[in-house]
Amino acid sequence: MAEPDQHQARPLGIVILAAGKGTRMRSERAKVLHHLAGQPLLTRVIQTSQRLHPSRLVVVVGHQAAAVQAACQADGVVFALQKEQRGTGDAVRAAQAPLVGFRGDVLIVSGDVPLLTTQTLARFVADHRAHQATLSVLTARPADPAQYGRVMRRADGQVVRIVEARDASARERGVREINTGIYCVAADFLFSALDRLQPTNAQGEYYLTDIVAAAVRAGLPTRAVPAPNCHEVEGVNSRQELARMETTRQEQLRRQWMDAGVTFEDAQTVYLSEEATIGPDTVVGPNTHIKGKTAIGSHCRIDGNAYIENCTIGDNVRIYFSVVLSDSQLGDDSSAGPFSHMRGGAVLAPQAEIGNFVEVKKSTIGERTKAKHLAYIGDAEIGREANIGAGTITCNYDGFRKHRTRIGDRVQVGSDTTLVAPLTVHDDAYIATATTVRQDVPAGALVFNRRQEEIREGWTAAKRDKERNKKVD
Ligand code: UD1
Ligand code: CA
């Protein structure tokens with residue numbers, strides 16, 4: 001037998017099983033591609049595994065292999081194909097080719113156990129090595145052992161085998177300790193045991209669980225190790241389980257950001273994505289959705305009813321009640337809302353302000369520029385310290401192409417202005433109220449449409465008389 005420290009130094013390989021269809025999800029999409037906190041289940045398991053720095057990391061794909069592989073590409077990950085889904089034992093066998101020549105321990109995890117932590121896996125591997133085990137299986141004692149495989153132990157506690165719920169007798173189903181589907185196995189034993197599996201069970205599948213009894217029969221050191229808690233090792237098999245897990249993960253994420261100095265005024269109504277970050281002393285109001293790769297700085301205030309996706313938000317930004325902000329940037333000390341919409345690469349420079357019913361698409365609003373009411377700004381570049389009056393519209397689309405509008409520094413755009421792109425309004429120009437601008441405006445110029453209003457005294461009374469006479473007829 002190897003010296004203990006030699007044993008500790010054995011290389012670690014990880015195999016993640018993700019080839020199953022996930023029938024109980026009743027979905028057209030592979031189970032491992034369903035999202036938890038905005039991220040595929042499998043991505044999370046891959047990231048947790050990568051933090052153990054394995055020398056090999058193999059993901060077994062099968063059902064919708066191409067889609068799973070495309071969505072979950074990551075550095076150092078090798079995908080292996082299980083052509084037909086003939087059970088968990090058959091799935092691990094599909095990882096044999098990429099592990100050829102590998103002499104260490106293989107950690108096997110399922111792609112549908114997303115709450116698993118790196119720490120639990122690291123401790124499990126350390127325990128396996130400290131005891132110089134050939135095979136270790138991680139177990140748990142959930143309140144409801146449901147469909148999980150049951151762990152059978154002898155009177156002295158030694159594990160003897162795992163029985164699937166479907167194959168178990170009533171007495172065996174009464175056992176509370178379950179198989180988490182996480183194993184650490186010496187590679188040479190693993191692949192020789194897999195070659196000897198038989199599909200003699202209720203499902204006619206090659207059960208990975210059967211290698212436990214095989215190791216015990218061969219007299220090899222075999223361990224069943226309880227996990228530190230059971231929620232972490234729960235698998236997702238149905239939409240209900242996915243929903244419960246989302247609740248758990250959202251709670252964990254909120255706790256993480258509260259510990260980092262973020263205030264949530266009504267924590268349970270804030271939804272966070274796995275990739276979102278929030279700076280300290282930022283206050284987040286009720287019903288706020290922070291999705292995708294969103295980074296929010298410190299000392300911001302988000303009143304609530306906000307949908308924020310893939311945005312970069314600086315420090316000390318004020319987001320008033322009710323906004324939709326996607327794929328956009330908000331500079332330090334800027335503000336948006338109430339009822340603002342930014343999308344498609346919109347940029348608010350520092351101290352810029354947009355307000356009620358202002359939509360900004362693929363446009364830059366310069367420093368200290370304001371557009372506070374009722375405007376559509378699309379495909380535009382606006383300089384600094386400009387003012388965009390209520391009812392301003394960039395007419396960026398002629399039915400065929402999008403055109404750009406350029407507005408210089410300190411430009412005053414009067415209320416109810418339409419800017420027909422392509423168009424440049426140079427610095428310090430002044431656009432009078434209710435102007436349709438169709439040509440470039442030189443710096444410092446005034447532009448207005450010649451259109452004199454007329455006043456007709458007594459017109460209303462005359463009109464009313466006329467209408468009243470009509471009704472009598
Ligand atoms: C499995 C275990 C069960 C354990 C449970 C823990 C077996 C026979 N049973 O049951 O003891 O309590 O996990 O969650 O191992 N997969 C493939 N190819 C296949 C079949 C499955 O890659 O041919 C993958 C699935 O995508 C999934 C994982 O293996 O990621 C587990 O498969 P699943 O069908 O969910 O197994 P369970 O019935 O949950
Ligand atoms: Ca499962």
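Count residues from 1 along the sequence. All values below were derived from every heavy atom in this structure, side-chain atoms included, with hydrogens, water molecules and symmetry-related copies excluded. For ligands, and for the atoms within them, numbers begin at 1 and follow the listed sequence.
Checked by atom type, the side-chain pair E232/T117 shows a donor-acceptor distance below 3.5 Å. Using modelled atom types, one finds no donor on one side chain facing an acceptor on the other under 3.5 Å when comparing Q256 with Q252. Judged by distance alone, the side chains of Q329 and T312 never bring a donor and an acceptor atom under 3.5 Å apart. Counting only N and O atoms by type, the side chains of N396 and K362 include no donor and acceptor under 3.5 Å apart.
Pairing each heavy atom of G344 with each of S328, the nearest pair is N-OG, 4.5 Å. A pairwise comparison of heavy atoms in G297 and T282 identifies O-OG1, 2.7 Å as the closest pair.
Around atom 7 (C) of ligand 1, the closest heavy atom drawn from V32, V236, T88 belongs to T88. The nearest non-hydrogen atom to atom 20 (C) of ligand 1, considering only G87, G22, A165, A19, comes from G87. Among R24, R86, K21, E164, the residue whose heavy atom lies closest to atom 39 (O) of ligand 1 is R24.
Heavy-atom contacts of T180 reach the following atoms of ligand 1: 6 (C), 14 (O) (cutoff under 4.0 Å). For ligand 1, the atoms sitting less than 4.0 Å from at least one non-hydrogen atom of A91 are 17 (C), 18 (N), 22 (O), numbered in the order shown with element in parentheses. Below 4.0 Å from some heavy atom of Q82 lie the following atoms of ligand 1, by number and element: 17 (C), 18 (N), 19 (C), 22 (O), 23 (O). Atoms of ligand 1 found under 4.0 Å from any heavy atom of Y148, numbered from 1 in the order shown, are 6 (C), 12 (O), 14 (O). Remark: ligand 1 atoms within the under-4.0 Å shell around heavy atoms of T209 are 7 (C), 8 (C), 9 (N), 11 (O), 15 (O). Numbered from 1 in the order shown, with element, the atoms of ligand 1 that lie under 4.0 Å from a heavy atom of S110 read 28 (C), 30 (O), 31 (C). Here is the list of ligand 1 atoms found below 4.0 Å of a heavy atom in G111: 30 (O). Distances below 4.0 Å separate heavy atoms of K31 from the following atoms of ligand 1: 35 (O).
Residue G235 has no nitrogen or oxygen atom sitting less than 3.5 Å from a nitrogen or oxygen atom of ligand 1, judged on distance alone. Of the polar atoms of G149, at least one N or O is found under 3.5 Å from an N or O of ligand 1, judged by distance alone. Here's the thing with V113: none of its N/O atoms is less than 3.5 angstrom from an N/O atom of ligand 1. The shortest N/O to N/O separation between L208 and ligand 1 does not fall below 3.5 Å. By the 3.5 Å distance cut-off applied to N or O atoms, Y183 is not counted among the residues near ligand 1.
For the salt bridge (charged side-chain N to carboxylate O under 4.0 Å, His left out) condition, the pairs that include at least one residue of residues 296-305, sequence neighbours left out, are E265-R301, R301-D303, D303-R318. Applying the salt bridge (charged side-chain N to carboxylate O under 4.0 Å, His left out) definition to pairs two or more places apart or across chains, none involves residues 183-197.
Using modelled atom types, one side-chain atom of R153 and one backbone atom of A224 make a donor-acceptor pair closer than 3.5 Å. Of the possible polar contacts, one joining the R129 side chain to the R10 backbone as a donor-acceptor pair under 3.5 Å is found.
Residue D90 places every heavy atom at 4.0 Å or more from ligand 1.
Between R161 and E172 there is a salt bridge, with a side-chain nitrogen of the basic residue lying less than 4.0 Å from a carboxylate oxygen of the acidic one.
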